[in-house]
Amino acid sequence: MKNKIRLVKSRIFKTIEKYKLVEEGDKIFIALSGGKDSTTVLFAMKQFIEEKGIECELKAFHINFCLPISEKVQEVIEQQVKLANVKLETVCVKDLGIDIVKIAKKINRPVCSICGVIKRYLMNKIPRERKANKIATGHNMDDFLVFFFKNFLNKNFEWVSKFKPKLIATHPKLVTKIRPLFYVGNKECEIYCKENGIGYIAEPCPFAENKFLAGRRKWYEMLYYIEKFQKDFRYGMAKSIASASRFFKSEENEIKECKICGEPSSQEICGFCKLVKINGKIG
Ligand code: AMP
Ligand code: ZN
């Protein structure tokens, strides 16, 4: 097992070095959900800057959705940041006057889609307001491969251009996104957390629909099944797709600024402000 942890660590370190995910003088926010992936990002990045002696600042960031499970998640995250010796900033959506369950009922959409809009918005706005230049997330190799196959099957090639460990900001109000787990998947993150004795939330979000979870599990099973016969299938695919991503041009949607809040958006009014408006109508 020790060898396996070493392999996971070495893959993450190589990704950080090759794509310059961490540079001197950076201020990096690490988006923590409490799950194994973002937990791995927190500890591996901390280990990286300590071992390499890089002068940069790491700060943990959590969006608390104020749902029944949120207290438990918050507790686990507070233990993680204490162990990693990294400061934590938490934003509670209730303090922003938002109730995602009520909004979901009102517009008859899954809670997950509301949660996604809020996450994308706050994961850019808060780090930028705190003068961070990068945000690190726990999107892992298996997630990217599943996205890749699904999008490729639907002839949605544009998405492939975003299949990279680093998405450099294309607007002054956007923060560069980094994905240190681009070459490690679910199995590897589980090994990293378990073998290092780091606690995390293992159960899926209670609001995730069973149909969605079963669909994703099916894709993961297919990837791991192929890997039984083809050594390093997932790693090989991720490397090939990352290098092919330059052939897929992204149709750069013009980035505007939301007329209400001024945050970057492809629409006149951003998704977040639309939700806030709906929330206001519920009262
Ligand atoms: P997900 O969208 O749930 O697949 O999560 C993708 C990544 O977004 C995670 O690995 C985290 O880095 C980040 N993330 C998810 N949920 C939260 C949250 N509540 N607060 C902060 N970051 C989050
Ligand atoms: Zn807005």
Side-chain angles (χ1 to χ4, degrees), residues 12 21 28-45 58-67 69-74 76-78 80-81 86 88-94 96 98 100 110-127 132 134-144 146-147 165 167 173 175 177-182 184-186 189 192-193 200-201 203-209 212-213 216 219-220 255-280:
I12 298 175
L21 303 190
I28 306 176
F29 265 46
I30 302 178
L32 294 184
S33 65
K36 66 184 188 326
D37 302 326
S38 51
T39 305
T40 302
V41 172
L42 171 68
F43 285 87
M45 283 190 54
L58 295 185
K59 190 162 184 194
F61 175 57
H62 175 58
I63 303 162
N64 184 316
F65 284 97
C66 310
L67 299 169
I69 195 181
S70 302
E71 238 174 82
K72 186 176 164 197
V73 174
Q74 184 77 36
V76 168
I77 289 178
E78 280 175 16
Q80 292 175 345
V81 295
V86 169
L88 169 70
E89 171 154 1
T90 300
V91 172
C92 292
V93 295
K94 232 202 242 155
L96 305 174
I98 290 175
I100 58 171
V111 170
C112 292
S113 74
I114 316 270
C115 170
V117 172
I118 296 172
K119 270 193 293 201
R120 277 192 296 279
Y121 183 84
L122 295 176
M123 275 162 56
N124 184 68
K125 184 177 193 277
I126 304 294
K134 289 174 184 161
I135 173 103
T137 60
H139 293 102
N140 78 32
M141 174 170 73
D142 296 341
D143 300 330
F144 283 111
V146 171
F147 283 141
L167 281 183
K173 283 191 173 175
V175 174
K177 296 179 182 71
I178 57 170
R179 296 126 166 205
L181 307 183
F182 195 83
V184 295
N186 292 324
C189 291
Y192 185 88
C193 291
Y200 63 87
I201 301 277
E203 62 263 40
C205 171
F207 284 96
E209 288 179 10
F212 166 78
L213 291 175
R216 201 172 54 175
W219 274 100
Y220 289 150
I255 303 173
K256 304 178 187 127
E257 289 184 9
C258 169
K259 286 205 164 140
I260 297 176
C261 67
E263 287 301 303
S265 167
S266 56
Q267 318 261 314
E268 298 281 302
I269 309 284
C270 77
F272 182 83
C273 286
K274 284 180 190 156
L275 291 181
V276 171
K277 231 177 178 174
I278 295 163
N279 196 86

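For ligands, and for the atoms within them, numbers begin at 1 and follow the listed sequence.
Around atom 16 (N) of ligand 1, the closest heavy atom drawn from Lys119, Lys36, His139, Arg120 belongs to Lys119. Selection from Leu32, Asn140, Ile30 by nearest heavy atom to atom 18 (C) of ligand 1 gives Leu32.
The shortest contact between atom 20 (N) of ligand 1 and any protein heavy atom is with Ile63 N, 2.9 Å. Protein heavy atom closest to atom 9 (C) of ligand 1, with residue, atom name and distance, is Gly138 N, 3.8 Å.
Between Ala31 and ligand 1, a contact under 3.5 Å exists for at least one N or O pair. In terms of polar-atom proximity, defined here as any N/O pair under 3.5 Å, Ala136 makes no such contact with ligand 1.
Of the inter-residue distances, the one linking Phe43 atom CZ with Cys193 atom SG reads 8.0 Å to the nearest 0.5 angstrom.
Here the angle at the Zn ion (ligand 2) defined by SG in Cys258 and SG in Cys273 stands at 110°, rounded to 10 degrees.
Lys72 has a carboxylate O that lies under 4.0 Å from a charged side-chain N of Glu203, or vice versa, which qualifies the two as a salt bridge. In this structure, Glu263 does not pair ionically with Lys173, as no charged nitrogen and carboxylate oxygen lie closer than 4.0 Å.
For Tyr220 and Asp143, the side-chain atoms include at least one donor-acceptor pair closer than 3.5 Å.
The main-chain N or O of Pro180 is never found under 3.5 Å from a side-chain atom of Asn140 such that the two would form a donor-acceptor pair.
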